[in-house]
Amino acid sequence: MSAASAGRPSERQRAGATMGRERSERGRSPRDDGVSDTWEALVTTGLLGTDRRDPPPVPPGPVADVVDDTLDASPAGRLLTAVAATVVARRCGMVPRPPQPLLQSPPPDDRPLLPVAAARRWHGIAAYWPVLEPEWVAAATAVGWRPSADVLVAMLERSRRSPDRFAAVIEFGGPLARWLIDYLPDHLPVPSGRARSGEATATLAVPAELQAGFELTPAEFAAVVVTGITDGMFRWAHRTVLLNAIAAMPAAFLDDMISALAAGRAAHEERARAGEAPLSGAPTPLGLWESLIELATVRRDMLAELTPQLSSHHDDEEHD
């Protein structure tokens, strides 16, 4: 085969194309004059397969010419060519819709952007310590931070089933929150429904005996909690109660509470290494100490990250 004839169709291919053209001409009917009807027939043939049904005739015109000129005259080849040509014809026949109004930008918000560390902290709180979410939102709103988009969108989604929390998020979000609600109706609050996992923890009340401890000094209240755990008055079953107490106690108590809990955990580990029996006769899980220390530490760091002083100091370090 010469180079000049390499790209030309063979005699068999030309004969097949001629037969296909003749069959197409014989099969045309007056009612097959629309691209939409042809498309439906092509889809049906594609679903059934060319072994069970021949490709439908194509109305006279450019689409029929493309199909008749195909090098593959087999039923499957003609069907694929007809589908490709019909898709192009349908798209070329589309009329553009009227232009849509441009998306308006949200109103300006002059508040400083939420620090990256505080944004990361919120994602961690939402995942592991939802009991701290209301305080985080209240503190960020009081300081005057402008939320980043990733935090605000996630907050709107999480608070949809709680009207009070949703209202707090809208206040914190400012103009951007109201703009998102206008353009993203999926973020509108849900009128009713069960609370999500974790929200119930944030609404549990603090027992009276622990609430009364808020009137003590930070060191005295921390001693009450540690003594209660050590003596067996508070065990793993009281974990949620203790977590809510730490989440509700005055922020000034946190440093003393962390120090006291760390000392209590160290004493617990020392007794365990020495093989001594628990003071209460029942062992206190080490995880209880760890949970309380972690929550107190996270809350302390959360409040520190939301203060403008810490943020400006952090920015100065980055610039240096």
Side-chain angles (χ1 to χ4, degrees), residues 94 96-204 243-244 247-248 251 294-295 297-319:
M94 290 182 179
R97 295 179 179 178
Q100 296 294 319
L102 297 178
L103 183 65
Q104 299 296 321
S105 301
D109 191 342
D110 297 332
R111 296 178 298 172
L113 183 63
L114 184 72
V116 175
R120 291 174 179 170
R121 178 73 62 183
W122 180 84
H123 285 290
I125 288 173
Y128 302 108
W129 297 112
V131 69
L132 296 178
E133 282 188 85
E135 184 180 23
W136 190 99
V137 175
T141 304
V143 172
W145 291 118
R146 171 168 54 95
S148 55
D150 62 315
V151 170
L152 181 56
V153 171
M155 278 186 172
L156 290 172
E157 179 63 23
R158 286 180 59 83
S159 62
R160 291 177 64 205
R161 298 185 182 276
S162 175
D164 293 339
R165 296 180 63 179
F166 190 84
V169 171
I170 292 295
E171 181 183 1
F172 170 55
L176 181 58
R178 292 183 286 272
W179 181 88
L180 285 171
I181 292 300
D182 290 338
Y183 285 98
L184 298 176
D186 290 342
H187 289 81
L188 289 173
V190 178
S192 62
R194 297 174 56 188
R196 296 188 176 186
S197 175
E199 291 189 359
T201 302
T203 59
L204 291 178
L243 290 175
N244 277 272
E294 182 177 354
L295 176 63
T297 303
V298 168
R299 186 180 174 215
R300 181 190 62 185
D301 295 345
M302 172 193 81
L303 295 174
E305 289 165 351
L306 291 173
T307 59
Q309 295 83 1
L310 181 63
S311 175
S312 61
H313 176 69
H314 178 69
D315 293 341
D316 291 341
E317 290 180 348
E318 288 186 347
H319 291 311

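Side-chain contact between W122 and L306 is absent, with no heavy atoms from C-beta onward closer than 4.5 Å. In this structure, the side chains of S159 and E133 stay at 4.5 Å or more apart for every pair of heavy atoms. You'll find the side chain of V298 reaches within 4.5 Å of the side chain of L132, heavy atoms only. Under the 4.5 Å side-chain criterion, counting only non-hydrogen atoms from C-beta, L176 is not in contact with D109. Put simply, the side chain of W145 does not reach to within 4.5 Å of the side chain of V151, judged on heavy atoms. Here the side chains of P147 and R111 are in contact, with some heavy-atom distance below 4.5 Å. Between L152 and V169, the closest side-chain pair of non-hydrogen atoms falls below 4.5 Å.
With values rounded to the nearest 0.5 angstrom, R158 atom CZ is found 14.0 Å from F166 atom CZ. Rounding to the nearest 0.5 Å places CH2 of W129 at 5.0 Å from CD of E294. Residue T297 holds its OG1 atom at 12.5 Å from CE of M302, rounded to the nearest 0.5 Å. Once rounded to the nearest 0.5 Å, the distance linking NE2 of H123 with OH of Y128 reads 12.5 Å.
Listed here is the closest heavy atom pair of L114 and A118: CD1-CB, 3.9 Å. The two residues L243 and L295 make their nearest non-hydrogen contact at O-CD2, 3.3 Å. In terms of heavy atoms, G144 sits closest to P112 at O-CD, 3.5 Å. In terms of heavy-atom proximity, P108 sits nearest to P175 at O-CG, 3.8 Å. When all heavy atoms of A304 and T307 are compared, the closest pair comes out as O-OG1, 2.6 Å.
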Test side chain to side chain contact (heavy atoms under 4.5 Å, CB included) applied to L303 and E135, step by step: CA-CA 9 Å; L303 295 174; E135 184 180 23; 3.8 Å; yes
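Evaluation of the side chain to side chain donor-acceptor pair (under 3.5 Å) test over residues 112-121, restricted to residues two or more places apart or in two chains, returns R121-E305.
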